[in-house]
Amino acid sequence: MSAASATIENVYIVLGAADRGEVVATTVRDDDLTGDASKRTGSPRPSHTEVVEQSELAAFVAAHEGGGSACPVSDRAPRWVWDSTARWYPQLLSAGVRVERCVDLALSRTIVRASELTAATEYARAPDDPAWHALRAEATLTAQESGAAGHSSPTAQTLFDFEPDGQPLEPLATRDPVAEFFAQQAAIAAATEPNRIRLLLAAESAGALVAAELRFAGLPWRAEMHDRLLTELLGPRAPQGARPATMERLATSIRDALGAPTLNPDSQAELLKTLRRAGLQVTSTRAWELRELEHPVIAPLLEYKKLARLLSANGWTWMEQWIVGGRLHADYVPGGVVTGRWATNGGGAMQLPKQIRGAVVADPGWKLVVADAAQLEPRVLAGLAADHAMATAGRDRDLYDGIVSSGAVDTRPHAKVAMLGAMYGSTTGDSARLAPRLAKAYPRAIALVEQAARAGERGEVVTSRLGRSSPRPGAAWRLSQTRATEPGATPADERAARSRARDWGRFTRNFVVQASAAEWALCWMAELRRRLASISVGAAEAGAVPPPFAYSPHLAFFLHDEVIVHAPAAVAEQVAEEVRAAAASAGRLLFGDFPVEFPLSVAVVDSYADAK
DNA sequence: CACAAGCGCCAC
DNA sequence: AAACGTGGCGCTTGTG
């Protein structure tokens, strides 16, 4: 595993808020951090401190990013250290300033305090600090909360959280970024494998930069194309509260087929009752259950449900709320999921249905480079377990085809359900039936997920490749386990305890794979972002995105194992190559020389709908 | 009237 | 193929 070269000195500039809207910039050098870091108590010894007017901040940052003359101690741009990228970076982007590297203290804090690799440190054992906790809560506001307050509309950037009179919204003095930075560095230096967690934190912070840049640039979205798709599927737009024509016709068919002239098909309770009255043996109104039945109502009902979902989730109302200036500016929340996957705040950018992806179209003269990692999670599992047989199955081909070729199972669909079942903890059906064959062919990989499951069942913590650890089960879980072992425990107590233990085991089983896959994706994006920054194009290619991305290919979308780069057509093929190279690089960062491949499917297209 | 729970479906 | 991992989010319905 590679580590940062020790010969190039790192320079950090910690940004913090001062009174009256000024910014305190504290320079910290490697020398300040080395020495006996494990004994350091967190008291800072800054090399240099200066106060910058808020209005001068962008220019200050830009000057240091320029490197060379402005930064006498290093050729590289400094690492900007701030409490939260989401609080500092949007205003810099708006001013046309891109930064190369940062340390996101809030994201790092969450990882370091939970990681098994730093569990023995004072930093991890210290009680929670409400000032930092509040920052995390702020980043994961639900869409309802922020939407109701009117803060989540894509145009309203949370620039600096200052009231109009220039006073900070909350007393930031309690959240001292310099002290926090030193405390984190001390804990990292004392970690059992410092380079593992260093890589994770670097990737996480790079991800935070990417998230802000994704929101800033946005995903190119043609509202008129979206409107055309909706009209074709649903009928012309109807007034608020009314159904578009196609949906209304389907509603009438449903009512006729069930002899229920007043039925509201949007009411799950009413619908269930009516279906049962019509003699249909259903326990719910789920589409997969309805699909099993033969009755005239089924076809129109399934069609109605599909369209109702589209209308409510991504209909005209959604379009008007979220598409601004021909872009979807999704509000990503890096680390918003326990496993390290990202979440989003409003807009549903991580659930864009395939039906409307035709509205995602590159600007004139530009292309979309759409790339997704093929069978990412099983490949990550092969790397985690150092399972050569599974790595071989995925070499130069579809991994599920490779499993079939090895003779373990007979068809690709079987290989897929068996693999997913192994990673999710399925106990029924085909995947459970095929599990023993998979375990025989790939004993190391299967043993790894089984061990993670057993650890979870015992209430233990599991840890990803780079050091993200799972949360511990809550008080209710522990109580159910102790109750089952106490004298007088009933069979029901024991059943409940076993069931909850297995539930948590499925979580930890999946955690090791999903969290490590999220780390691969972060490394992939960080490396891609670095490579994209070095591709220059002429002014002739200028696009609709304001600086700093007007002339350069930039990330426009991310979804777990998939990215979209919006690129000038002239460099689109070059970008496609960089995307592949970045994937190979991510594989090496996580698994060194272990020969597991991470192939991508890459498409250079005008429309997202044409990518697959 | 506001809010939460339950349901169901979208994405990976 | 089955209902097994992580989420977001809109609808209806029940409740304070």
Side-chain angles (χ1 to χ4, degrees), chain A residues 140-148 152 241 264-272 282-292 301-302 304-315 317-318 321-322 330-333 335-357 372-377 381 409 411-435 449 452-453 456 462 470-471 502-515 517-518 521 557-563:
Chain A
T140 52
L141 269 185
T142 69
Q144 259 182 353
E145 287 167 307
S146 54
S152 78
N264 172 13
D266 294 320
S267 166
Q268 183 267 336
E270 221 184 310
L271 181 60
L272 183 60
V282 283
T283 61
S284 74
T285 63
R286 291 186 189 92
W288 65 265
E289 193 177 346
L290 298 175
R291 215 166 279 133
E292 306 296 307
L301 181 52
L302 290 173
Y304 180 89
K305 286 166 81 79
K306 190 103 187 140
L307 297 183
R309 162 77 194 189
L310 177 63
L311 176 66
S312 72
N314 297 101
T317 309
W318 178 89
Q321 187 180 352
W322 291 100
D331 184 8
Y332 294 92
V333 185
V337 178
V338 275
T339 57
R341 295 217 301 202
W342 291 11
T344 50
N345 252 344
M350 293 195 145
Q351 308 136 245
L352 296 178
K354 300 212 162 75
Q355 292 158 301
I356 55 162
R357 291 184 178 185
D372 74 273
Q375 307 95 40
L376 176 60
E377 293 196 345
L381 175 56
V409 299
T411 63
R412 188 182 185 278
H414 276 167
K416 187 172 177 179
V417 292
M419 258 328 298
L420 294 178
M423 292 185 297
Y424 292 164
S426 171
T427 55
T428 60
D430 271 4
S431 64
R433 198 157 52 244
L434 295 164
V449 288
V462 297
S470 64
R502 277 196 297 263
D503 287 348
W504 198 257
R506 280 195 299 277
F507 165 61
T508 53
R509 168 196 294 269
N510 187 248
F511 183 96
V512 290
V513 179
Q514 191 181 112
F557 189 64
F558 169 64
L559 185 52
H560 307 316
D561 61 358
E562 174 176 357
V563 298

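Letters go in sequence order (proteins before strands), and every chain restarts at 1.
Side-chain contact between A:L301 and A:L271 is present, with heavy atoms from C-beta onward closer than 4.5 Å. Within the 4.5 Å cutoff, no side-chain heavy atoms of A:S470 are placed close to those of A:W504. Contact annotation: the side chain of A:L381 approaches that of A:M419 to within less than 4.5 Å [non-hydrogen atoms, C-beta and beyond].
Here A:R357 lies in heavy-atom contact (under 4.0 Å) with sugar-phosphate atoms only. A:V338 comes within 4.0 angstrom of sugar-phosphate atoms only, judged by non-hydrogen atoms across all strands, and of no base. Within the nucleic acid shown, A:L310 has no heavy atom closer than 4.0 Å to any nucleic acid atom. Note on A:W342: nothing from the nucleic acid sits closer than 4.0 angstrom, heavy atoms only. Among the atoms of the strands shown, none is found under 4.0 Å from any heavy atom of A:A432. Residue A:V417 is in base contact, counting any heavy-atom pair closer than 4.0 Å across all strands shown. A:K306 comes within 4.0 angstrom of sugar-phosphate atoms only, judged by non-hydrogen atoms across all strands, and of no base.
A donor-acceptor contact under 3.5 Å links the side chain of A:R341 to the base of B:dC12.
Note that the NZ atom of A:K416 and the OG1 atom of A:T411 stand 12.0 Å from one another [nearest 0.5 Å]. Expressed to the nearest 0.5 Å, how far OG of A:S267 lies from CG of A:L272 amounts to 9.5 Å.
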* Given Watson-Crick or G-U pairs with both distances under 3.5 Å, what dot-bracket string fits DNA chain C, with | for other-strand pairs and [ ] for crossing? -> ....||||||||||||
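Closest of all the heavy-atom pairs between A:A517 and A:E377 is CB-CG, 4.0 Å.
Going from atom CG of A:L307 over to atom P of B:dG8 covers 19 Å, rounded to whole Å. Straight-line distance from the CD atom of A:E289 to the P atom of B:dC7: 13 Å, rounded to whole Å. Distance CZ (A:F558) to P (B:dA11): 17 Å, rounded to an integer number of Å.
Heavy-atom nearest nucleotides on DNA chain C were determined for A:Q351 and for A:G425, and the one closer to the 5' end corresponds to A:G425. Projected onto DNA chain C by closest heavy-atom contact, A:H560 and A:T428 fall at different nucleotides, the more 5' of which corresponds to A:T428.
Of the candidate nucleotides B:dC9, C:dT6, B:dC12, B:dC9 has the atom lying nearest to any side-chain atom of A:R309. Ranking C:dG8, B:dC12, C:dG5 by closeness to the A:F507 side chain, first place goes to C:dG5. Comparing B:dC12, C:dG10, C:dG7 by their closest approach to the side chain of A:V337 singles out C:dG7. Nearest nucleotide to the side chain of A:N510, out of C:dT6, B:dC10, C:dA3: C:dT6. For A:K305, the side-chain atoms get nearest to B:dC9 when compared with the rest of C:dT6, B:dC12, B:dC9.
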* To do: Dump the intermediate steps for side chain to side chain contact (heavy atoms under 4.5 Å, CB included) on A:N314 and A:W322, then the final yes or no.
  => CA-CA 10 Å; A:N314 297 101; A:W322 291 100; over 6 Å; no
* **side chain to side chain contact (heavy atoms under 4.5 Å, CB included) between A:Q355 and A:K306, worked out** => CA-CA 10 Å; A:Q355 292 158 301; A:K306 190 103 187 140; 3.9 Å; yes
Is there any protein nitrogen or oxygen under 3.5 Å from a nitrogen or oxygen in nucleotides 13-16 of chain C, and what are the pairs?
residue: C:dT13; atom: OP1; partner: A:S267; partner atom: OG; Å: 2.5

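A:T285 has a side-chain polar atom (N or O) that falls below the 4.0 Å cut-off from OP1 or OP2 of B:dG8. Between A:K354 and B:dC10 there is no side-chain N or O to OP1 or OP2 distance below 4.0 Å.
Applying the side chain to side chain donor-acceptor pair (under 3.5 Å) rule to A:S431 yields the partners A:S426; only residues at least two apart in sequence or on another chain are considered.
Annotation: A:K305, atom NZ; neighbour count of heavy atoms from other residues, nucleotides and ligands within 6.0 Å is above 12.
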